[in-house]
Amino acid sequence: MSEDITVRHVDTDAIPEELMKVVQPIVFKWQSAALRVAAAHDPRVKEKWTKGSEEELLSKRFAQIPDEAKVRGEAKADALLRTASFRKRSQSVLGIDATEPAAILPAAPMIKMTEPELRNLRNFVTTLLPAAQAPAPAGAVVHDKIALQFIRVACIDETNGWFGTEAGSDEISIGGVRFDTDGRTAEIGSVDLGGNWDDGDVRDFKPPKSIFSYSLRGGLTFPRAVFATLVLVERDGGGMEKIIDEVVKKIAAEVKTSLAALLGAAIGGAAGGPVGVLIGLAVGYAVDKLVAWLGSLWEDIAFIPRTIEVQVPSRTSTFSGSLTMPSTVVRFRGPGEYACRYQWVLS
């Protein structure tokens, strides 16, 4: 009999110190880019950033925030960039003086890890992946895909506006990125969750609202884990959700490339199996830290992302004999709070 499918919400602050160490250069590079964008703010002159750079992408979002928030963000960034500690850290981590306007941020460097650190990561990841399953008995039902569905959304506290007061009814959407332990990454396209949300509103989706589906066919390995890093945004008419999706996708690709190169040989599998688990956790951590940084520096109003992991032992596995998981709730907090009740469904 196949082992049951399990689901958990990932606490990205609880990932191993060794994994944080690997991801920190990537996080710091994006934080530096956000500082540089804010410090370059000049309503009279539009800054021209290198095409495809972190600054170019983040500047699209910075352009959308109110002028008052831009001015405060510029002041915060100027003050931080003038500190000796920031200049020293940028030299140490990135090998450049990121306070220089003409500087071009390089790719985040690979971190060297000691054998004890690698051993700790190996020990950690073995506690997360379920054991390999015996072949399915003849006649067992094989499933083709698993889908994440929202069945209800509750507005606990509608979005606070740029100045700390409720800014009118919310219009929200959700998107993000998914990653599996075979090393495959895909964007979770923005899904509209509706408008005119106010405090206390509760809406049931009938039929359930599909967030994304994942094919269980093909691939390299079972058991398999799938990580979904979800970002809830309050749509502001300026395409905020598309920009956030682009940022998340770019960070995910960078984390995947860095960790696969660094840990593939040492942990096992270029981007699959154990390394895939670590990449899924690291993506969630990096996105969380950047969104929180933007909230502090720019007073941005994105919600803190949430990462959900589903572990599938085999294509014959179920939710204790059912094709549908008992529903549970994930909460998104930030400038407001939404509770989203969801389920995973096999087919």
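The shown structure was predicted, so the numbers you read here are calculated from the model rather than taken from an experiment. Residue numbers start at 1 and run along the sequence shown.
For Phe62 and Trp298, the gap between ring centers is short of 6.0 Å. Aromatic ring centres of Tyr342 and His9: separated by under 6.0 Å.
More than 12 heavy atoms of other residues, nucleotides or ligands sit less than 6.0 Å from atom NZ of Lys21. Within a 6.0 Å sphere centred on CD1 of Ile96, heavy atoms belonging to other residues, nucleotides or ligands number more than 12. Other residues, nucleotides and ligands place no more than 12 heavy atoms under 6.0 Å from the CD atom of Glu17.
One side chain, Thr316 or Ser314, offers a donor N or O that lies under 3.5 Å from an acceptor on the other.
In this structure, Glu254 pairs ionically with Lys29, as a charged nitrogen and a carboxylate oxygen lie closer than 4.0 Å. The pair Lys289-Asp13 meets the salt-bridge criterion, with a side-chain N (NZ, NE, NH1 or NH2) lying under 4.0 Å from an Asp/Glu carboxylate O. Taking 4.0 Å as the cut-off between side-chain N and carboxylate O, Asp144 and Arg315 count as a salt-bridged pair.
Looking at Arg152, its side chain never comes within 3.5 Å of a backbone N or O of Val329 through a donor-acceptor pair. Ser92 places no side-chain N or O within 3.5 Å of a backbone atom of Lys88 that could act as its donor or acceptor partner. Using modelled atom types, one side-chain atom of Lys76 and one backbone atom of Ser296 make a donor-acceptor pair closer than 3.5 Å. A donor-acceptor pair under 3.5 Å links the side-chain atoms of Ser32 to the main chain of Phe28, judged by distance alone.
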- Message: The test is side chain to side chain donor-acceptor pair (under 3.5 Å); show your working for Arg224 and Thr181 and say whether it passes.
- Response: CA-CA 6 Å; Arg224 185 179 303 170; Thr181 45; 5.2 Å; no
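No side-chain heavy atom of Val202 sits less than 4.5 Å from a side-chain heavy atom of Val153.
Met110 and Val93 fall within a single hydrophobic cluster, where Ile, Leu, Val, Met, Phe, Trp and Tyr are joined by side-chain heavy atoms under 4.5 Å apart, directly or via other members. Hydrophobic clustering of Ile, Leu, Val, Met, Phe, Trp and Tyr side chains at less than 4.5 Å, counting indirect connections, unites Ile65 with Leu57.
In this structure, the separation between CG on Leu281 and OG1 on Thr12 is 9.0 Å, given to the nearest 0.5 Å.
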